[in-house]
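So that the names make sense, note that chain A is the first sequence line, chain B the second, and so on, each numbered from 1.
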There are 2 protein chains.
Amino acid sequence: MLLSKRCIYALRAALYLALAKTDGEYISIQKIASELNISFHFLTKILQDLQRKNLVISFRGPRGGVALARPDTEITSMDIIRAINGEDVFAQCIMGLPGCGTETPCPMHEDWARSRKAIETVFNNTSLATLAEQTVKKHLRLTEPKARTE
Amino acid sequence: MLLSKRCIYALRAALYLALAKTDGEYISIQKIASELNISFHFLTKILQDLQRKNLVISFRGPRGGVALARPDTEITSMDIIRAINGEDVFAQCIMGLPGCGTETPCPMHEDWARSRKAIETVFNNTSLATLAEQTVKKHLRLTEPKARTE
DNA sequence: GACAAAGCAGACAAAATAGTCTTAATACTT
DNA sequence: AAGTATTAAGACTATTTTGTCTGCTTTGTC
């Protein structure tokens, strides 16, 4: 698995918020969790992480919940990934050698650097708005497909 | 971390074997473990996995050890990765949605498919021979850089 | 002010991954 | 045949990640 579950859940929740388009309103974590089929408490902690990184804001009490801290056009999937999995998720040497860098590369350094670049570009260029737009335009789904009852 | 530690160790060990170029001789796991600074018992299990996938062969007793099962030109890093982390390491949906596919894609499907392709290409085109060649030609290192004693 | 609806915080439990140890089985050497 | 060097196998432990629970705090409503 490329991304951790925390990270995947964070991406899905953020996209959910982007799709919600509630001007000024907050959405309860409970609702997000149940719609996305993620454990409520677990998602709470993940969203708290996003909050600490100033990607979402939250509000307590009735009609409280969470919302994106910035317009969805200004949050990239990379922002989410870095917030959860750390700044250097993709920076690390593919062969796990601590000192790997341009001066003392590991044998895979060059090849990996190129494909890492490709990955980073994708995530950097994919804002939540982009994802939301895709989702709407192509009638895509955010949750797991319903089990067919035949 | 993109690849698991098992996988990284497996890659390093396989490359070590490719570099060894002992015609017909076996190299003891003990030696590989100590040179690559990997736990001996842990590496043993990893190499056993590679053996079950017919990537290495082993021999017991004095002068025993392990060796590549095929010429290093015929083993790709993807072979190692798949052997350790499963056939579908990179096949999985980036957003973790089980039913994600061309008919019912997740919102990231298209973008991710492209960069996944790039990753797969790199690993598929990188044989152990290629890595070994790089290592020799550029005087690269396989182990961690020595701590400088100044 | 009492109550209810939310997020917050931290302890706890379960599962996955990583790593260790002990005992066997095998093969060479003398 | 005995001793030694090696992998094989499986039990065990440790660490990290994932997930759960319980109680607390904040905020709105009546």
Side-chain angles (χ1 to χ4, degrees), chain A residues 1-13 17 20 22 24-69 81 83-86 89 92 96, chain B residues 1-13 17 20 22 24-69 81 83-86 89 92 96:
Chain A
M1 193 149 36
L2 182 72
L3 302 174
S4 68
K5 289 207 176 180
R6 290 180 75 85
C7 192
I8 287 171
Y9 292 164
L11 277 172
R12 297 224 286 253
L17 288 175
T22 60
E25 303 259 308
Y26 293 89
I27 298 183
S28 83
I29 301 177
Q30 189 59 264
K31 182 171 185 191
I32 305 174
S34 77
E35 296 228 0
L36 299 186
N37 204 30
I38 301 171
S39 149
F40 165 62
H41 290 289
F42 196 32
L43 183 58
T44 296
K45 292 209 279 192
I46 293 167
L47 287 170
Q48 277 169 27
D49 286 347
L50 292 185
Q51 195 194 24
R52 285 185 204 103
K53 304 286 171 130
N54 298 311
L55 292 172
V56 306
I57 51 177
S58 68
F59 205 77
R60 297 202 235 194
R63 308 190 62 77
V66 293
L68 295 178
I81 293 170
I84 300 294
N85 279 4
V89 220
Q92 291 165 21
Chain B
M1 194 152 36
L2 183 71
L3 302 174
S4 68
K5 289 207 174 178
R6 292 181 72 88
C7 193
I8 287 171
Y9 292 165
L11 277 171
R12 298 226 284 252
L17 288 174
T22 60
E25 302 258 308
Y26 293 89
I27 297 185
S28 83
I29 301 177
Q30 189 61 263
K31 182 171 186 190
I32 305 174
S34 77
E35 297 229 358
L36 298 187
N37 204 29
I38 300 171
S39 147
F40 165 62
H41 290 290
F42 195 33
L43 183 58
T44 296
K45 291 210 281 191
I46 293 168
L47 287 169
Q48 277 169 27
D49 287 346
L50 292 185
Q51 194 194 25
R52 287 189 201 100
K53 303 287 172 127
N54 298 311
L55 293 171
V56 307
I57 51 177
S58 68
F59 205 77
R60 296 200 234 195
R63 308 189 62 74
V66 293
L68 294 178
I81 293 170
I84 300 294
N85 279 3
V89 219
Q92 292 165 19

For A:Glu25, all residues meeting salt bridge (Lys or Arg N to Asp or Glu O under 4.0 Å), sequence neighbours excluded:
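A:Glu25 satisfies salt bridge (Lys or Arg N to Asp or Glu O under 4.0 Å) with A:Arg63 only.
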
[X] has an atom [atom1]; how far is it from atom [atom2] of [N], in whole Å?
X	N	atom1	atom2	answer
B:Ile46	D:dA9	CD1	P	16 Å
A:Gln48	D:dT18	CD	P	17 Å
B:Asp49	D:dT7	CG	C1'	14 Å

ring-ring contact (aromatic ring centres under 6.0 Å, His included) partners for B:Phe42, two or more places apart
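ring-ring contact (aromatic ring centres under 6.0 Å, His included) list for B:Phe42, sorted by chain: B:Tyr9.
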
Please round to the nearest 0.5 Å and tell me the distance separating atom CD1 of A:Ile8 and atom CG of A:Leu2.
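It is 8.5 Å, given to the nearest 0.5 Å.
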
Approximate separation, where rounding is to 0.5 Å, of B:Ile29 CD1 and B:Ile38 CD1:
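Those atoms lie 11.5 Å apart.
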
Give a yes/no answer on whether the side chain of B:Ser58 brings an N or O atom under 4.0 Å of OP1 or OP2 in D:dT6.
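Negative; the distance criterion is not met.
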
Tell me, which of residues 26-35 of chain B have any heavy atom that sits under 4.0 Å from an atom in DNA chain C?
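Close to the strand, none.
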
With heavy-atom distances below 4.5 Å as the criterion, would you say the side chains of B:Leu43 and B:Leu36 are in contact?
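No, too far: nothing below the 4.5 Å cut-off.
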
Quick one, A:Leu17 and A:Ile32 - any side-chain contact, counting heavy atoms below 4.5 Å?
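With C-beta onward as the side chain, the pair touches.
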
Want to settle it: does A:Val66 or B:Lys5 sit nearer the 5' end of DNA chain C, counting the closest nucleotide to each?
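Going by which nucleotide is closer to the 5' end, it is A:Val66.
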
Can you list every pair that meets salt bridge (Lys or Arg N to Asp or Glu O under 4.0 Å) and has a residue in residues 30-42 of chain A, with sequence neighbours left out?
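Residue pairs with at least one partner in residues 30-42 of chain A: there are none.
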
Which donor-acceptor pairs under 3.5 Å do the side chains of residues 46-60 of chain B make with protein atoms, sequence neighbours left out?
{"residue": "B:Asp49", "atom": "OD1", "partner": "B:Arg52", "partner atom": "NH1", "Å": "2.9"}
{"residue": "B:Asp49", "atom": "OD2", "partner": "B:Arg6", "partner atom": "NH2", "Å": "2.4"}
{"residue": "B:Gln51", "atom": "NE2", "partner": "B:Ser58", "partner atom": "OG", "Å": "2.6"}

At their closest point, which heavy atom of A:Tyr26 faces which heavy atom of A:Gly64, and how far apart are they?
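Between these two residues, the closest heavy atoms are CB-C, 3.6 Å.
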
Please enumerate all residues that pass side-chain hydrogen bond (donor to acceptor under 3.5 Å, both in side chains) together with A:Thr44, with sequence neighbours excluded.
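Per chain and number, A:Thr44 pairs via side-chain hydrogen bond (donor to acceptor under 3.5 Å, both in side chains) with no residue.
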
Please list, chain by chain and in numerical order, all residues satisfying side-chain hydrogen bond (donor to acceptor under 3.5 Å, both in side chains) with A:Ser4, sequence neighbours excluded.
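A:Ser4 satisfies side-chain hydrogen bond (donor to acceptor under 3.5 Å, both in side chains) with A:Asn85 only.
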
Under-3.5 Å N/O pairs linking protein and nucleotides 20-23 of chain D:
{"residue": "D:dT20", "atom": "OP2", "partner": "A:Ser39", "partner atom": "OG", "Å": "2.8"}
{"residue": "D:dT20", "atom": "O4", "partner": "A:Lys45", "partner atom": "NZ", "Å": "3.2"}
{"residue": "D:dC21", "atom": "N4", "partner": "A:His41", "partner atom": "ND1", "Å": "3.3"}

What is the 5' to 3' range of DNA chain C, first to last nucleotide, that sits under 4.0 Å from any heavy atom of chain B?
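For DNA chain C, the relevant span reads C:dA18 to C:dC28.
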
Using nucleotides 24-30 of chain D, report all nitrogen or oxygen pairs with the protein that are shorter than 3.5 Å.
{"residue": "D:dT25", "atom": "O2", "partner": "A:Arg60", "partner atom": "NH1", "Å": "3.0"}

